[in-house]
Amino acid sequence: MLFVGTEPGDGLLRIGELSRRVGVSDHVLRAWERRYGLLKPVRSAGGFRLYSEADEGRVRRMQAHLAGGLSAAEAARAALGEDGAGTASAAGGSASVAVERHEGLADRASALALALDELDEPAAQAVFDRLLSDFTVETVLRDVVMPYLQELGERWQRGSVTVAQEHFASNLLRGRLASLARGWGHGHGPRAVLACPPGERHDLALLVFGIALNRNGWRVGYLGADTPLEELINTAVDTSADLVVVAAATPERFAGLTEDLTRLASIVPLALAGAGAAQTMALPVGTRLLTADPVTEAERLLPPANPHHDAPARQ
Amino acid sequence: MLFVGTEPGDGLLRIGELSRRVGVSDHVLRAWERRYGLLKPVRSAGGFRLYSEADEGRVRRMQAHLAGGLSAAEAARAALGEDGAGTASAAGGSASVAVERHEGLADRASALALALDELDEPAAQAVFDRLLSDFTVETVLRDVVMPYLQELGERWQRGSVTVAQEHFASNLLRGRLASLARGWGHGHGPRAVLACPPGERHDLALLVFGIALNRNGWRVGYLGADTPLEELINTAVDTSADLVVVAAATPERFAGLTEDLTRLASIVPLALAGAGAAQTMALPVGTRLLTADPVTEAERLLPPANPHHDAPARQ
Amino acid sequence: MLFVGTEPGDGLLRIGELSRRVGVSDHVLRAWERRYGLLKPVRSAGGFRLYSEADEGRVRRMQAHLAGGLSAAEAARAALGEDGAGTASAAGGSASVAVERHEGLADRASALALALDELDEPAAQAVFDRLLSDFTVETVLRDVVMPYLQELGERWQRGSVTVAQEHFASNLLRGRLASLARGWGHGHGPRAVLACPPGERHDLALLVFGIALNRNGWRVGYLGADTPLEELINTAVDTSADLVVVAAATPERFAGLTEDLTRLASIVPLALAGAGAAQTMALPVGTRLLTADPVTEAERLLPPANPHHDAPARQ
DNA sequence: ATAGGTTTTGTCAAGCTTTTGTACAT
DNA sequence: ATGTACAAAAGCTTGACAAAACCTAT
């Protein structure tokens with residue numbers, strides 16, 4: 001992908017604007033450049049200094065060190081020394097984590113987590129792009145997205161993630177997953193209908209499951225979060241679904257649904273999924289339980305035994 | 001009815017009557033005919049121009065375009081270009097030339113609505129593809145997506161849409177919108193942070209607004225539905241936002257937030273949007289109200305402090 | 001639906017109206033055009049500037065960047081840079097082929113063609129990224145990739161494309177297609193085996209076909225270019241394929257294969273595809289001919305609906 | 001920090017052309 | 001009714017100007 005790193009010709013600031021942004025007078029900025037080589041602005045045709053956002057970050061680090069008690073010379077040296085590492089700077093914005101070589105999945109996963117935590121949309125998108133370009137969709141979903149969602153949930157429980165972070169990450173991931181899901185109703189494979197029970201608003205894992213299912217040849221109909229079972233039953237019947245999957249993150253969401261689920265299971269093959277799906281619910285209903293990660297479960301799910309779509313039942 | 005050709009049946013008007021109806025002088029009507037071929041009246045035995053109702057419609061479209069700022073030549077071209085829906089041939093008729101141009105936006109919009117109502121994912125995606133391929137994003141958002149959302153909301157109120165339909169349409173549209181939103185945090189424009197207040201779960205219109213904003217050069221940070229104001233304030237400060245927009249579909253969502261919103265407005269430029277944003281809330285808070293459709297409002301939102309321009313106010 | 005200044009299509013604005021809409025004086029608009037090349041209005045017969053909606057958007061982005069603190073020159077560069085795939089502005093710059101942002105597929109397609117012709121890899125990748133992000137895979141393949149391949153072939157015939165260009169485009173497209181193809185052998189759908197006959201080295205269209213097939217629920221086994229029929233037969237038998245597709249760009253590639261193809265067709269459902277597949281070959285072999293574009297043909301290909309070779313006699 | 005020179009960028013003017021509503025003559 | 005003429009409004013180009021922002025050097 002592109003936008004990794006700031007290239008000249010991108011969006012350059014003149015000294016006045018930089019001064020305004022960082023709160024340092026233009027005279028001082030020039031002095032820091034002359035005395036410590038803190039900044040190396042390119043010049044316009046007419047000789048004006050043009051600063052990049054990396055320069056802005058450098059000034060901010062310099063200020064931090066000054067505030068920390070270092071002398072100007074020392075602060076500048078420290079700020080320069082930190083160059084090259086990833087940037088953080090909440091205010092600096094679009095600090096695109098520089099991912100260069102083929103790092104492993106683990107590095108990418110943490111880069112993604114970092115970018116999401118910092119609300120850095122461009123960086124997160126870039127990492128996601130690189131992930132998809134270097135790994136299979138299944139791998140990205142199973143080994144990056146799902147673990148991240150898992151951890152996000154746990155941090156949410158512990159209160160160690162802000163609402164803004166959770167919203168931001170969810171929205172971004174939902175967008176990427178939606179584009180992977182596009183067209184999943186297309187084709188001639190068996191049909192699955194997916195939904196979360198009433199009250200359940202976390203449907204990202206179900207989205208992942210749908211994508212994986214589709215990539216294994218299924219057509220997917222998606223009702224998503226917070227769906228009344230009555231609706232689900234109607235839809236399943238109307239579309240002559242070959243499989244219905246109901247997923248919830250907590251067992252409580254299934255509470256009180258035994259009767260409806262049993263009825264549903266008598267009409268169409270049913271499976272319960274998600275962390276909230278427990279044997280205690282699946283047994284009385286007499287249905288299948290999907291406990292492993294969504295991608296794995298999707299791969300395990302063979303098409304219906306006696307399909308009216310004459311799928312290639314062949315051993 | 002006796003003679004003299006203005007019978008409602010064939011509805012043929014002479015130039016004076018047409019002029020009176022549309023409020024355009026006969027001279028101008030003749031000029032438009034001569035210069036732009038806007039009208040092609042049949043002639044009476046004695047040579048009088050006889051206009052059909054289609055002609056009247058064409059004149060009215062021409063006027064609308066003139067009011068919209070197009071030059072006379074362009075307005076005429078546009079008015080003629082829209083021909084093809086209304087045929088109304090009086091004379092020889094027949095032939096019914098299948099005008100296969102672009103189907104109008106309206107046809108596409110109803111095709112989309114139909115596909116969504118029928119939970120037909122591939123069809124809906126295909127229509128959306130064609131929309132994006134034939135029209136600008138702004139047009140699609142303003143004239144297809146927003147009206148659809150509006151109507152969906154109304155049908156929802158009336159109970160004339162099932163939960164499955166609503167979920168399906170929302171999920172699909174959200175996916176497409178998310179794609180259009182990709183990368184909206186990138187760039188160098190001013191920063192806007194968007195969110196819905198606590199309890200508000202309908203954020204699609206806000207998504208549309210964010211996309212339109214981004215396409216006008218803004219960087220967008222998106223927190224989405226159901227966001228505590230405390231979080232919003234923190235995020236706005238951390239990212240040094242140039243604008244914060246809070247949107248809700250119903251006024252109740254703003255209830256009890258006066259104090260927080262006032263505080264927010266004192267920190268960063270604030271605007272309230274959505275059908276739920278009312279003057280009664282904006283006034284005490286002392287902030288801006290965005291009442292038109294999201295795309296238009298996004299275009300109107302010139303970035304903070306834009307002194308140059310003394311020209312007459314654009315309403 | 002109300003219009004008033006929102007008309008789509010070729011509604012072209014003169015400078016006064018544009019000025020009124022964006023709140024920038026006509027003088028400034030002309031200055032921005034002259035100094036930064038921000039706008040490239042078409043001209044009326046008499047020389048008046050006529051602006052499109054894309055121009056309006058560009059001005060708005062420019063304004064946003066100005067408000068964000070960039071100098072006018074930088075703001076213009078940024079606004080232009082956001083116009084889709086920028087251009088590798090290295091040395092002299094100039095030329096600056098501004099590709100309108102989000103205009104229809106057609107513009108994207110030509111942007112892609114341009115980038116490929118100029119061996120501009122980042123630009124081509126960026127255009128491809130946005131295509132996939134804004135449209136379904138089917139649309140991109142059918143309406144962008146296939147027409148491009150078609151045209152590339154024709155230009156190749158005419159000698160109006162260099163070897164370097166052809167290689168560059170082929171390799172880049174192959175890479176993107178390969179990533180779309182990833183995982184296409186997994187799942188539970190019917191199996192198709194695809195190959196080009198000996199001597200045929202153009203397999204990109206076949207790749208496209210495989211992708212479309214896979215997205216319709218098929219599992220794909222891909223042998224690709226220049227495959228001896230013997231090999232193909234073995235593979236088809238070993239994997240108990242439900243369908244074999246042989247594709248070639250020119251009829252000569254099929255010459256002399258009648259016997260082998262007939263034998264193959266007696267073992268497993270066979271189809272011939274590509275520009276080289278002609279009735280004259282399909283008839284004696286007694287097999288199906290796929291003449292439409294790959295995506296459409298893939299959609300038409302129902303899974304082994306016909307109860308022909310149901311039990312592939314294993315050796 | 002000030003002084004004195006340079007670049008950038010919004011604005012204006014003069015002189016001419018195009019567009020378009022209206023008027024006049026046939 | 002038609003065709004031509006006319007004039008106001010809106011645009012075009014070239015060239016120039018000046019305020020704001022920036023430069024270097026003291």
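Just so you know, these numbers use all the heavy atoms, side chains as well, and skip hydrogens, waters and symmetry mates. Only a predicted model underlies this, so the values are computations on that prediction, with no experimental measurement involved.
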For the side chain of B:Q63 and the backbone of B:V22, is there at least one donor-acceptor N/O pair under 3.5 Å apart?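 Yes; judged by distance alone, with no hydrogens or angles, the pair exists.
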Judged by atom type as modelled, is there a donor-acceptor pair below 3.5 Å linking the side chain of A:D55 to the main-chain atoms of A:P41? no
Could you tell me the separation between the [atom1] atom of [X] and the [atom2] atom of [N], rounded to a whole number of Å?
X     : N      : atom1 : atom2 : value
C:Y51 : E:dG11 : OH    : P     : 10 Å
A:D26 : E:dA20 : CG    : P     : 16 Å
C:H27 : E:dA19 : NE2   : C1'   : 17 Å
A:E33 : E:dA25 : CD    : P     : 13 Å
B:L66 : E:dA10 : CG    : C1'   : 14 Å
C:L12 : D:dT19 : CG    : P     : 14 Å
C:L70 : E:dC22 : CG    : C1'   : 17 Å
B:R35 : D:dT22 : CZ    : P     : 10 Å

OP1 or OP2 of [N] versus the side-chain N and O atoms of [X]: is any pair under 4.0 Å?
X     : N      : result
C:R30 : E:dG11 : no
C:S71 : D:dT9  : yes
C:R49 : E:dG11 : no
A:S44 : D:dT8  : yes
B:W32 : D:dT20 : no
C:Y36 : D:dT9  : yes

Side chains of C:Y51 and C:E33: closer than 4.5 Å at any heavy-atom pair? yes
Find out whether B:R142 and B:E299 are in side-chain contact, i.e. whether some heavy atom of one side chain is under 4.5 Å from a heavy atom of the other.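 Yes; the side chains approach each other to less than 4.5 Å.
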Which nucleotide in the list D:dT20, E:dC23, E:dC12 gets nearest to the side chain of C:I15? E:dC12
Using 4.0 Å as the upper bound for N to carboxylate O, is an ion pair formed by B:R20 and B:E17? yes
With nearest nucleotide decided by heavy atoms, which residue, B:A31 or A:R14, maps closer to the 5′ end of DNA chain D?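 The residue mapped nearer the 5' terminus is A:R14.
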Go nucleotide by nucleotide along DNA chain D from the 5' end; which of C:R34 and A:S25 gets its closest nucleotide reached first? A:S25
Of B:F48 and A:G47, the one whose closest DNA chain E nucleotide lies more 5':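 In this pair, the answer is B:F48.
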